[in-house]
Amino acid sequence: MAFGNLGRSLTALEIFNLVRGDLDQVEREIGLESVASADAVTYIGQYLQSGGGKRLRPILVLLCGKLLRDSTPGLVRMAAVVEMIHTATLVHDDVIDMAKTRRGRPSINVVWGNHTSVLAGDWLYMQAFQVALRERNFAILDRLITLTQMMVEGELLQLDRIGKIGVTEADYMELVDRKTASLFSACARLGAISVGADEAAESSLGDYAWNLGIAFQLIDDVLDFTSREKILGKPVGNDLREGKVTLPLIYALQSAEPEERRLVETVLQDGNYDQVPFAKILQILNRYGGIEKAQERAGAFTEKARVIIGGFPDSPYQRALLAVTDLVTDRDH
Ligand code: IPE
Ligand code: IPE
Ligand code: MG
Ligand code: MG
């Protein structure tokens, strides 16, 4: 019994328990900092905060910081900052993608319209920077500005590729690096900086989280085909409908027959599954193992993440960061 926990990886709940107190403070901080003189912004802030979300990015900030030192008020603020940036990117992303649902509810653009949503997203971005500025730490601002520009460039690149069937694996990976992995990496780096870590620790943790972030997005794109809307909180089959050719499909298209390729092209052009049902696309994916190949690829990235974090001394936080890699690949939403 006493040895029951040895060698066992942590569960989601155990990971959550390690940062529960800090996360409560993060939620308070986000609530306090999302109040604007314009009512619409405040309502949107509350709507987003109460809509759920996994809080994976603040958890990463907290675990990486606490891996190195005890939690500080600055660490909690930085965890709030990354969640606010994440939220701002989702608001803008849903406007760009004309999304209907987010976190199981009508998305902000549906409730408030595009104009208000764009401005609320801008406000949230700036508020995140405002909070970060209070640390009076140029290294933090440097990472945040680099990150935000990377993410915006990612969205621009994605726009450029909408509706194109010829997206290569390299094109796709570049997008994932920019739109998702860069934020994960920044979370780990900001956690390290907030507790005064040296450059080497910051860089290792950044690499760990970058690999985790790539795997996270790959699995997100797999779930877009394999999950159900009720579990995912956003519609399935959505990426292709939005004109995005993601990794499972890129792999399948490498071996697909010309006729199958035409079916995919039809959905891309129509922006719906009226002529070619979603089940038909799933059939093509299954025929060429697109899902499995993408899952394997994600597994290679989490493996790299595990090796990097395995280089840190054993502690509850180190084990939690190890276990997060399984959560990312085994998740259903
Ligand atoms: C959504 O991120 C955007 C992607 C990078 C796929 P999450 O899936 O972490 O969103 P929430 O915060 O849990 O809603
Ligand atoms: C991820 O892009 C959003 C950002 C990281 C900005 P997606 O468009 O693929 O994400 P979902 O599917 O809307 O969550
Ligand atoms: Mg989107
Ligand atoms: Mg997606």
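One-based numbering, in listed order, for ligands and for the atoms of each. Each residue takes its place number in the sequence, starting with 1.
Every atom of ligand 1 with a heavy atom of Arg57 under 4.0 Å away is listed here by number and element: 2 (O), 5 (C), 7 (P), 9 (O). Ligand 2 places these atoms under 4.0 Å from at least one heavy atom of Glu155: 4 (C), 6 (C). Taking every heavy atom of Gly53 and a limit of under 4.0 angstrom, the matching atoms of ligand 1 come to 11 (P), 12 (O), 13 (O), 14 (O).
Taking the six-membered ring where the residue is Trp, Tyr273 and Phe278 present perpendicular rings, their angle passing 60° and hence far from 30°.
The main-chain N or O of Ala36 is found under 3.5 Å from a side-chain atom of Thr42 such that the two form a donor-acceptor pair. Within the 3.5 Å criterion, the main-chain N or O of Ala200 finds a donor-acceptor partner in the side chain of Asp198. Arg228 places no side-chain N or O within donor-acceptor distance of the main-chain N or O of Lys230, the cut-off being under 3.5 Å.
Counting just the N/O/S atoms of Asp97, the one with the shortest distance to the Mg ion (ligand 3) is named OD2. The name of the N, O or S atom in Asp93 nearest to the Mg ion (ligand 3) is OD2.
Residue-to-ligand polar distances place Asp97 within reach of ligand 2: an N/O pair is separated by less than 3.5 Å. The shortest N or O to N or O distance between Arg103 and ligand 1 is under 3.5 Å. Residue contacts with ligand 1: Lys54 is placed with a nitrogen or oxygen under 3.5 Å of a nitrogen or oxygen of the ligand (distance criterion only). Polar contact with ligand 2: absent for Asp221 (N/O pair, distance under 3.5 Å). At a 3.5 angstrom cut-off on N or O pairs, Thr180 does not count as close to ligand 2.
The shortest distance between side-chain heavy atoms of Arg331 and Lys54 falls below 4.5 Å. A heavy-atom distance below 4.5 Å is found between the side chains of Asp177 and Met150. Residues Phe225 and Thr246 form a side-chain contact, since some pair of their non-hydrogen atoms from C-beta on lies under 4.5 Å apart.
Between Arg55 and Glu83 there is a salt bridge, since at least one side-chain N of the basic residue sits less than 4.0 Å from a carboxylate O of the acidic one.
Within the 4.0 Å heavy-atom cutoff, Arg102 counts among the residues contacting ligand 2. Residue contact annotation: Leu56 has no non-hydrogen atom under 4.0 Å from ligand 1. Residue Lys244 places a heavy atom under 4.0 Å from ligand 2.
Screening Asp97, Asp221, Asn238 against Lys244 for a side chain to side chain donor-acceptor pair (under 3.5 Å) leaves a single residue, Asp97.
A side-chain donor-acceptor contact under 3.5 Å links Thr168 and Asp171.
Of the heavy atoms in Glu242, none comes closer than 4.0 Å to ligand 2. In Lys234, the part holding a heavy atom less than 4.0 Å from any atom of ligand 2 is the side chain. With a 4.0 Å heavy-atom cut-off, ligand 1 is reached by no atom of His333. With a 4.0 Å heavy-atom cut-off, ligand 1 is reached by no atom of Arg55.
In this view, Tyr125 and His92 satisfy the ring pair (Phe, Tyr, Trp, His ring centres under 6.0 Å) rule, not counting sequence neighbours.
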